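Here the structure is laid out as structure tokens; the discussion comes afterwards.
The structure presented is a predicted model; accordingly, all values stated were derived computationally and were not measured.
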Amino acid sequence: MQAWSSHDIYEALYRQIMSLELKPGATLRENSLCERFGISRTPIRSVLQELRIAGLIEVTPYKSTRVTRLDFDTISQQIYLRNAVECAVMQDYSMICNGEKLAQLRARNESLRRLACQDAPDPCAFYELDSRLHECWFLATGKDQLWQLIQTAQNSYSRFRMLDLVEAGNFAEIVAEHDLLLDAIARRDAGAIRAECARHLYGGVTRLGEELSTKFADYFVPGSHWPAPVTPEQEETAP
């Protein structure tokens, strides 16, 4: 029988929440967790406190512990921030991108394409490969700290991206968006980079569309506002 440390339990629950195996709004019960991991209440409560600090669960004393629902306003702002930063980084990258670097990017996207073509693509594996592709232009331009900052501040957006994969299965569309991004980088076309970056980062909002407020409404905080996504055309004319 596996001996679970507090770190192991945190990582296991973190992965389940981020992959939507534990869905937004799902209830966590201390007794069930103690039984599952074969551990007492004290370390379980410590783990739950860490998850609460990370913004992944909410605790109502003497009542319930639930996985936090998604806040669309928070997600929209995280996408807005990432779009502004990543667009600038990609334009910088396009100026130093040579044939070898571009071939490496296309090879990474081909790995995503092969995964997307499987009968049952693994969303977590796809998410990881997708992140490594985006990481390339940050590292190549010396913006590694910006990349790390983005990663530590986007739990809500990360779960939203998983919603696009787990519930909607939009793997092929994401790969196709990468194709357009890489073509724009290859041409060093700043306008196309801005347009395709916005199209890609707001892609989940566009693809899920009305289902956000219908099929997936229970995943979001009550009273969520559903603003229209920023289109590439709007991004082009933004000040």
Side-chain angles (χ1 to χ4, degrees), residues 14 17-20 22-26 51-58 66-91 123-124 126-127 130-131 133-135 137-138 143 146-171 173-178 180-181 184 191-239:
Y14 179 88
I17 292 170
M18 296 305 294
S19 67
L20 303 190
L22 282 171
K23 300 187 184 303
L51 291 170
R52 187 192 66 78
I53 292 171
L56 295 176
I57 67 169
E58 53 188 6
R66 296 181 182 275
V67 177
T68 54
R69 287 183 167 84
L70 300 172
D71 184 330
F72 195 79
D73 182 59
T74 297
I75 291 166
S76 294
Q77 292 189 50
Q78 289 177 345
I79 298 174
Y80 185 93
L81 173 62
R82 178 158 178 177
N83 184 48
V85 172
E86 191 154 0
C87 176
V89 172
M90 278 199 293
Q91 290 182 71
C124 292
F126 189 94
Y127 180 95
D130 179 272
S131 294
L133 172 61
H134 284 257
E135 183 183 36
W137 36 79
F138 282 85
K143 304 296 191 303
L146 272 179
W147 177 252
Q148 291 302 319
L149 180 62
I150 287 173
Q151 298 310 296
T152 57
Q154 65 166 14
N155 277 343
S156 293
Y157 178 46
S158 295
R159 286 200 288 160
F160 182 79
R161 287 174 61 195
M162 288 301 293
L163 179 64
D164 193 24
L165 296 173
V166 173
E167 298 289 359
N170 288 317
F171 299 92
E173 291 88 341
I174 294 170
V175 174
E177 289 168 4
H178 287 158
L180 295 173
L181 269 173
I193 290 172
R194 288 196 300 272
E196 298 306 335
C197 184
R199 189 193 311 278
H200 181 53
L201 294 178
Y202 283 94
V205 180
T206 303
R207 284 186 292 270
L208 295 171
E210 293 182 357
E211 289 189 332
L212 290 172
S213 58
T214 54
K215 182 178 179 180
F216 303 122
D218 288 345
Y219 290 179
F220 292 85
V221 295
S224 288
H225 298 287
W226 307 106
V230 174
T231 66
E233 292 75 16
Q234 290 172 318
E235 181 65 22
E236 286 274 11
T237 58

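Closest heavy-atom contact between T152 and L149: OG1-O, 3.0 Å. Looking at every heavy atom in both residues, S158 comes nearest to M18 through CB-CE, 3.4 Å. Minimum interatomic distance between T74 and S156 (heavy atoms only, all atoms of both residues): CG2-OG, 4.0 Å. Across C87 and I193, no two heavy atoms sit closer than the pair O-CG2, 4.2 Å. When all heavy atoms of V166 and P123 are compared, the closest pair comes out as CG2-CB, 3.8 Å. Residue C197 comes nearest to L181 through the heavy atom pair N-CD2, 3.6 Å, listed as atom of the first residue, atom of the second, then distance.
To the nearest 0.5 Å, atom CG of residue D130 and atom CZ of residue F171 are 11.0 Å apart. With rounding to the nearest 0.5 angstrom, the CZ atom of R161 is 4.5 Å from the OG atom of S131. With rounding to the nearest 0.5 angstrom, the CG atom of D164 is 5.0 Å from the CG atom of L208. Distance check: R159 CZ to D71 CG gives 10.5 Å after rounding to the nearest 0.5 Å. The distance from atom CD1 of I174 to atom CG of L133, rounded to the nearest 0.5 Å, is 11.5 Å. With rounding to the nearest 0.5 angstrom, the CZ atom of F216 is 9.5 Å from the CZ atom of F160.
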Checking side-chain contact (heavy atoms from CB on, under 4.5 Å) for the pair H134/H178: CA distance, chi angles, key distance, verdict? CA-CA 10 Å; H134 284 257; H178 287 158; 3.4 Å; yes

Derivation of the side-chain contact (heavy atoms from CB on, under 4.5 Å) call for Q148 and F138: CA-CA 10 Å; Q148 291 302 319; F138 282 85; over 6 Å; no

Full working for side-chain contact (heavy atoms from CB on, under 4.5 Å) between L165 and M162: CA-CA 5 Å; L165 296 173; M162 288 301 293; 4.2 Å; yes

Using the rule given for side-chain hydrogen bond (donor to acceptor under 3.5 Å, both in side chains), can you reason through Y127 versus S19, listing the C-alpha separation, both sets of side-chain angles and the distance that settles it, and then say yes or no? CA-CA 9 Å; Y127 180 95; S19 67; over 6 Å; no

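Screening I17, T68, L56 against N155 for a side-chain contact (heavy atoms from CB on, under 4.5 Å) leaves a single residue, L56. When each of M90, K143, Q91 is checked for a side-chain contact (heavy atoms from CB on, under 4.5 Å) with W137, only M90 meets the rule.
With sequence neighbours excluded, the residues satisfying side chain to side chain contact (heavy atoms under 4.5 Å, CB included) with E173 are N170, R207. Checked against side chain to side chain contact (heavy atoms under 4.5 Å, CB included), E135 has the following partners two or more places apart in sequence or in another chain: R132, L139, W147. By the side-chain hydrogen bond (donor to acceptor under 3.5 Å, both in side chains) test, K23 pairs with E167, sequence neighbours left out.
Proximity of H200 to L180: side-chain heavy atoms (C-beta onward) are nowhere separated by under 4.5 Å. Within the 4.5 Å cutoff, no side-chain heavy atoms of I150 are placed close to those of Y157.
Between the R66 side chain and the E58 main chain, no donor and acceptor come within less than 3.5 Å of each other.
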